[in-house]
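Counting starts at 1 for both ligands and their atoms, in listed order.
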Amino acid sequence: MKNDLLLRAARGEETERVPVWLMRQAGRILPGYRKIREQVKDFQELVKTPELACAATLEPVDLLGVDAAIIFSDILVVPEAMGLDYQMLESRGPLFEKTIKTQKDIDALRIGSTQNWAYMVDALKLTRKELNDRVPLIGFAGSPWTIFAYMTEGKGSKTFSVAKSMIYRDPKMAHALLNKITQTTIKYLTDQVNAGAQIVQIFDSWGGILSPESYEEFSLPYIAKICDELSKLVPVIAFPKGAFFSAKAITKLNCAAVSLDWTVDPKEARALLQGKTLQGNLDPCVLYAEHTVIKERTHKMLEQFGAKGYIANLGHGVYPDIPMDNVKYFVDCVKQYSGH
Ligand code: 1CP
């Protein structure tokens with residue numbers, strides 16, 4: 001492996017410098033991605049064509065110089081594999097025709113298996129080959145709670161009141177669905193590792209809409225199950241977005257690293273999450289500012305987290321209208337930093 005900084009940092013080992021990558025690094029900020037996107041009928045065609053998914057995965061490695069590749073796909077592959085089809089509407093996001101409302105709907109879902117995501121296996125194998133050990137390849141999945149939110153709402157939401165009403169009105173049914181999603185996700189991520197993913201990240205993008213009590217009943221235990229299984233194979237990064245209120249419980253996860261959003265103070269995170277590698281957490285909006293501001297904020301972040309057990313990243317995915325030049329500047333600022 002030519003550059004294994006990410007893997008070593010995840011395991012808490014010493015590194016020559018802090019590794020850096022960005023959530024959503026392969027996407028609309030890049031010219032090659034926009035070209036690939038024009039060639040296909042829709043987003044799913046891109047996800048399901050291994051050569052194109054591979055090209056989209058490699059572009060940020062070549063253009064931005066990041067220390068990791070994240071396989072081009074989406075968290076919604078899991079509900080689709082379970083039998084719930086979605087469309088990705090242009091600039092509006094996902095839409096599921098059918099949503100999960102009853103126990104009968106849950107019973108009708110299958111626990112996904114390799115044949116349901118064979119294209120993902122092929123994309124990972126091809127990408128590992130094309131990467132030729134330049135940087136590690138990250139696999140990923142949504143957390144069961146975040147997938148539950150899409151399966152019950154049918155789309156994104158401000159309040160997630162449909163998803164949340166199910167946990168209060170019928171907790172038993174909610175747990176049944178979460179269990180089914182968890183079983184599928186463990187198989188899905190295990191297949192990703194067997195196909196070449198060297199580390200995996202679990203995106204709990206909507207964890208933060210729950211109360212601490214609900215978070216620790218409906219989200220964290222399922223992330224824990226996935227961590228327990230996957231940590232036997234590769235380092236796991238958990239991203240409990242907006243859920244740092246449950247830091248104490250998060251520390252107990254069997255994961256190598258915790259990714260933090262920008263609402264979390266680095267020093268507080270170090271104190272509360274001892275023994276974990278930390279990832280994050282620059283506010284993506286800093287990348288709209290001038291280079292001097294980007295440098296100042298990035299250096300401050302690096303200084304506060306310290307060099308050991310740290311992976312530089314943003315606090316969430318890079319926004320599509322952030323100039324690529326600024327993203328590259330952020331990556332360079334991390335790579336050139338010598339404050340330690
Ligand atoms: O047509 C397009 O180009 C659509 C834009 C797009 C892209 C580039 C979507 C739709 N998904 C993706 C790729 C994607 N999604 C990746 C690729 C690898 C990379 O990071 O470079 C990853 C990791 C994801 C993960 C993902 N999808 C998350 C978790 C991360 C996060 O941002 O919180 C979530 C919540 C989704 C759902 C999703 N997919 C796409 C959209 C617009 C959304 C969000 C919808 C909403 O706000 O509810």
Counting non-hydrogen protein atoms only, what is the nearest one to atom 15 (N) of ligand 1? Give residue, atom name and distance. Asp74 OD1, 3.0 Å
Among all protein non-hydrogen atoms, which one is nearest to atom 30 (C) of ligand 1, and what is the separation to 0.1 Å? Phe203 CD2, 3.4 Å
Only heavy atoms count here, so choose which of Gln44, Arg28, Met88, Met23 is nearest to atom 10 (C) of ligand 1. Met88
May I ask you to identify the nearest protein heavy atom to atom 8 (C) of ligand 1, giving residue, atom name and distance to one decimal place in Å? Tyr33 OH, 3.5 Å
When distances are taken from atom 13 (C) of ligand 1, the protein heavy atom at minimum range is Ser73 O, 3.2 Å
How close does the nearest protein non-hydrogen atom get to atom 7 (C) of ligand 1, and which residue and atom is it? Phe43 CE1, 3.6 Å
The criterion is salt bridge (charged side-chain N to carboxylate O under 4.0 Å, His left out); which residues satisfy it with Glu80, sequence neighbours excluded? Lys48
Glu90 N/O to ligand 1 N/O under 3.5 Å: no
Hey, can you tell me if His299 and Tyr337 have their rings parallel, tilted or perpendicular (30° and 60° cut-offs)? tilted
Taking atom types as modelled, find out whether Thr102 and Asp105 have a side-chain donor-acceptor pair closer than 3.5 angstrom. yes
Judged by non-hydrogen atoms, does Phe239 sit under 4.0 Å from ligand 1? no
Tell me whether Ala56 reaches ligand 1 (any heavy atom closer than 4.0 angstrom to a ligand atom). no
Should the pair Tyr86 and Phe96 be assigned to parallel (<30°), tilted (30 to 60°) or perpendicular (>60°) ring geometry? tilted
Show the atoms of ligand 1 that are less than 4.0 angstrom away from any heavy atom in Tyr150. 35 (C), 37 (C), 44 (C), 45 (C), 46 (C), 48 (O)
Centroid-centroid under 6.0 Å between Tyr33 and Phe72 rings: yes
Of all the non-hydrogen atoms in the protein, which one sits nearest to atom 42 (C) of ligand 1, and at what distance? Gly93 CA, 3.9 Å
Ligand 1 contact on Pro94 by region, counting heavy-atom pairs under 4.0 Å: side chain
Under 3.5 Å, is there a donor-acceptor pair between the Tyr168 and Ser214 side chains? yes
Indicate the ring-plane relationship of Trp206 and Phe160, choosing parallel, tilted or perpendicular according to the 30° and 60° boundaries. tilted
Sub-4.0 Å heavy-atom approach of Arg92 to ligand 1: no
Go through the structure and list residues passing salt bridge (charged side-chain N to carboxylate O under 4.0 Å, His left out) with Glu90, not counting sequence neighbours. Arg28, Arg37
Nearest heavy atoms of Asn3 and Pro136, plus distance in Å: O-CD, 3.1 Å
Run the contact test for Gly317 against ligand 1 with a 4.0 Å cut-off on heavy atoms, strictly below, and give the result. no
Nearest non-hydrogen protein atom to atom 24 (C) of ligand 1, with distance, is Arg24 NE, 3.4 Å
Checking a contact table here: which protein heavy atom is nearest atom 22 (C) of ligand 1, and how many Å away? Phe140 CZ, 3.6 Å
Hey, which atoms in ligand 1 end up nearer than 4.0 Å to a heavy atom of His316? 31 (C), 32 (O), 33 (O)
Are Pro240 and Leu220 packed together at the side-chain level, in the sense that at least one heavy-atom pair is separated by less than 4.5 angstrom? no
Quick check: closest heavy atoms across Ala307 and Thr15, and the distance to 0.1 Å? O-OG1, 4.4 Å
